[in-house]
Protein chains: 2
Amino acid sequence: MREQHPVYLQLRQQLLLWIEQKQLDSQDKLPAERELAQHFNTTRVTLRQALSQLEAEGRVYRSNRRGWFITPPRIAYDPSIDVGFYQYVKDQGMVPRTKTISRNLVETPAWLAEKTQLALGEAVYQFVRRRYVNERAVLIEHNYISSASCPGLLDKNTDHSLWQILRDDYQLNPAERAIEIYPQAILAEQAELLNISQGSAGLYLERQSSDQHGNFLEFDQEYWIHDALKLVVNIARTE
Amino acid sequence: MREQHPVYLQLRQQLLLWIEQKQLDSQDKLPAERELAQHFNTTRVTLRQALSQLEAEGRVYRSNRRGWFITPPRIAYDPSIDVGFYQYVKDQGMVPRTKTISRNLVETPAWLAEKTQLALGEAVYQFVRRRYVNERAVLIEHNYISSASCPGLLDKNTDHSLWQILRDDYQLNPAERAIEIYPQAILAEQAELLNISQGSAGLYLERQSSDQHGNFLEFDQEYWIHDALKLVVNIARTE
DNA sequence: AAGTGGTCTAGACCACACG
DNA sequence: GTGTGGTCTAGACCACTTT
């Protein structure tokens, strides 16, 4: 035997056992840190280190200053399928909710013009929305939609599926999509909207869609909490 | 003005400026923690909190007990393209390297049989490899390849591209692929192989490929360091 | 008002990396 | 061997949440 595991890793193990024993379920709250620290005969600092470990592993999560909770299972999401958040969450037996935080007609900024077919300064709709799964906020979404293609979109209810509105009200369907995905810490603005601490692990997903006519349709940025999502992609033979 | 940012976030900002000033480049080493703490007139604990923040953001990384370094740019990777690690790293002007850690003929375990067409106990080749970009270890890969389809594979040099071997020596090409991706902390075994600490943020990528005849070809698990990778997926219209 | 999580200090010891 | 990063303690104060 060479090395003894550090205390916080032993504590991690004990916590897992304790959770199992207590049969804590998704979104159940753990006892106060001071209480746990005493129970396991250690310091709050070390306890928090152990909890942070479990947080990184996606076993527990926290909500600002409210405490630690048991992480629910991940949502599976296939970005190649024409199904929106609202639908695929429901299909997996969870309860989706969307809150539109802001909606504006803005001028296309430089960074967006560079990435898309949009001209610098051209008017686009910008939506910022927060999405929940079982009342847990799991992502912040920034949408940019061509204003020319979708007159009057600002007046519609965007608390459900944008794609459905595009399809039903404007006969626009997403066709080609270019997607970028990478792990990225949640920074200040999004962290505040998600009520988590800045620097929490996250997954960034960016998607540009064009419609069935090949025109720019939508640019989408999604800031996901790291433990809420599982991406599933199926790829057929490329000829 | 309501709230003052906590010290470690101010320190984060100062560190970024300091790095810029010093013109530190990819993989350059930062000074010792004690030195930095003194320079910024704070404690090691707080300094480490600031560094951890930057680590989460992918600006700095650490290598076990060796210190803190500047994070190099991410590698872009399109899992829908028939190009292996070796090729796409080179295409982006970086230097790839692969070290085969183990190669074995093993019996298909239960979890693998469940996921694939492989029968429980059937013989498969198992490869564990560590991959580097510019001599920085960025992922651990577990490969399972049908032994029936590839006799003699164990004797070949697997320090480059497996796919190339499959193509050139066995006339097998990956066709359909099912991919799963999610953020996941790097746990004990992989952390040790990557020389990072257990619980570091990571990205898990799992891929099952079948060949041009529709037979099982390969099952692949990749444990990526969170800051090394950017996924790019292009999806055409699904008819 | 009380309790909780978030932050911070000033030490300390150890195991490992590196010269 | 020396210095470094990794870990740990025993406090403390503050801002926020909850009662």
Side-chain angles (χ1 to χ4, degrees), chain A residues 1-15 28-56 60-70 137 185-186 188 191-192 194-200, chain B residues 1-15 27-56 60-70 135-137 185-186 188 191-200:
Chain A
M1 203 60 59
R2 281 273 310 297
E3 64 177 59
Q4 179 74 3
H5 281 177
V7 174
Y8 79 94
L9 286 182
Q10 298 174 32
L11 186 50
R12 161 194 173 276
Q13 195 59 36
Q14 291 179 51
L15 279 166
D28 283 351
K29 190 176 183 310
L30 299 180
E33 291 179 358
R34 285 169 178 83
E35 194 179 320
L36 280 175
Q38 193 172 11
H39 182 285
F40 290 104
N41 196 31
T42 182
T43 324
R44 257 185 82 211
V45 179
T46 305
L47 172 80
R48 280 170 65 86
Q49 211 177 346
L51 285 171
S52 300
Q53 178 76 23
L54 290 176
E55 184 186 30
V60 301
Y61 69 96
R62 52 181 142 177
S63 175
N64 262 351
R65 292 186 172 282
R66 298 202 314 114
W68 298 85
F69 304 84
I70 304 293
I186 310 277
E192 194 178 333
L194 288 168
N195 203 30
I196 59 177
S197 59
Q198 170 171 7
S200 300
Chain B
M1 205 59 61
R2 282 270 311 294
E3 62 176 61
Q4 180 73 4
H5 281 178
V7 174
Y8 79 93
L9 286 181
Q10 298 174 32
L11 186 51
R12 160 194 175 276
Q13 194 62 34
Q14 291 179 51
L15 279 166
Q27 297 181 301
D28 282 353
K29 189 176 184 311
L30 272 60
E33 291 179 0
R34 284 167 177 84
E35 194 179 321
L36 280 175
Q38 192 172 12
H39 181 285
F40 290 104
N41 197 30
T42 184
T43 325
R44 257 185 82 211
V45 179
T46 305
L47 173 80
R48 279 170 65 86
Q49 212 177 346
L51 285 172
S52 299
Q53 179 75 23
L54 290 175
E55 183 185 32
V60 302
Y61 69 95
R62 53 181 141 174
S63 175
N64 262 353
R65 292 186 174 279
R66 300 203 311 116
W68 298 84
F69 304 84
I70 304 293
E135 290 308 312
R136 179 187 178 207
I186 310 278
E192 194 178 333
L193 291 173
L194 289 168
N195 203 30
I196 60 177
S197 60
Q198 171 171 7
S200 301

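Note that this is a predicted model, so its numbers are computed, not measured. In what follows, every chain begins at residue 1, and chains take the letters A, B, ... in the order their sequences are listed.
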**Fill in**
DNA chain C nearest-nucleotide lookup for A:P31 and B:Q49: closer to the 5′ end is A:P31
Write out a two-atom table: protein N or O, nucleotide N or O from nucleotides 9-12 of chain C, distance below 3.5 Å.
{"unit_1": "C:dT9", "atom_1": "OP2", "unit_2": "B:T42", "atom_2": "OG1", "d": "3.3"}
{"unit_1": "C:dT9", "atom_1": "OP2", "unit_2": "B:T43", "atom_2": "OG1", "d": "2.7"}
{"unit_1": "C:dT9", "atom_1": "OP2", "unit_2": "B:T46", "atom_2": "OG1", "d": "2.5"}
{"unit_1": "C:dT9", "atom_1": "O5'", "unit_2": "B:T43", "atom_2": "OG1", "d": "3.3"}

**Request:** Tell me whether the guanidinium CZ or amine NZ of B:R136 lies under 6.0 angstrom from the six-membered ring centre of B:F69 and within 45° of its axis.
**Result:** no
**Request:** Determine the contact category for A:R66: base if any of its heavy atoms lies under 4.0 Å from a base atom, sugar-phosphate if only primed atoms, P, OP1 or OP2 are that close, otherwise nothing.
**Result:** sugar-phosphate
**Asked** Whole Å only: how far is the CZ atom of A:R65 from the C1' atom of C:dA2?
**Response** 15 Å
**Message:** If the helix axis at each end comes from five base pairs, how far does the helix from C:dA1-D:dT18 to C:dC18-D:dG1 deviate from straight, to 10°?
**Reply:** 10°
**Stepwise side-chain contact (heavy atoms from CB on, under 4.5 Å) test for A:F40 and A:T46** = CA-CA 10 Å; A:F40 290 104; A:T46 305; over 6 Å; no
**Item:** Atom pair distance, as rounded to whole Å: CG in B:N64 and C1' in C:dA15
**Value:** 12 Å
**Request:** Provide, to the nearest angstrom, the distance between the CZ atom belonging to B:R48 and the C1' atom belonging to D:dT4.
**Result:** 11 Å
**Request:** Grab the CH2-P distance between B:W68 and D:dG6 for me, whole Å please.
**Result:** 7 Å
**Prompt:** Can you tell which of D:dT7, C:dG5, C:dC16 lies closest to the side chain of A:A32?
**Reply:** C:dG5
**Prompt:** Roughly how far apart are B:L11 CG and B:Q13 CD, rounded to 0.5 Å?
**Reply:** 10.5 Å
**Prompt:** Heavy-atom distance under 4.5 Å between the side chains of A:L51 and A:L30, does that happen here?
**Reply:** yes
**Listed nucleotide nearest any side-chain atom of A:P6, set D:dT7, C:dA17, D:dT17** = D:dT7
**Prompt:** Quick one: are A:Y8 and A:T42 in side-chain contact, heavy atoms under 4.5 Å?
**Reply:** no
**Asked** Given the rule in the side-chain contact (heavy atoms from CB on, under 4.5 Å) test, do B:Q53 and A:Q198 qualify, once you have shown the distances and angles that lead to the verdict?
**Response** CA-CA 8 Å; B:Q53 179 75 23; A:Q198 170 171 7; 3.3 Å; yes
**Request:** Grab the CD-C1' distance between A:E35 and C:dG5 for me, whole Å please.
**Result:** 14 Å
**Complete:** Whole-Å distance, A:Q38 CD to C:dG3 P, equals 14 Å
**Request:** With rounding to the nearest 0.5 Å, note down the distance linking CD in B:E192 to CD1 in B:I186.
**Result:** 13.5 Å
**Request:** Mind calculating the distance between CG (B:L9) and C1' (C:dT7) to the nearest angstrom?
**Result:** 10 Å
**Request:** Could you tell me the separation between the OG atom of A:S197 and the CZ atom of A:R62, rounded to the nearest 0.5 Å?
**Result:** 5.0 Å
**Item:** A:A37 to A:L47 - nearest heavy-atom pair and separation
**Value:** N-CD2, 3.9 Å
**Request:** Would you mind reading off the distance between A:F40 atom CZ and D:dC8 atom P, rounded to a whole angstrom?
**Result:** 15 Å
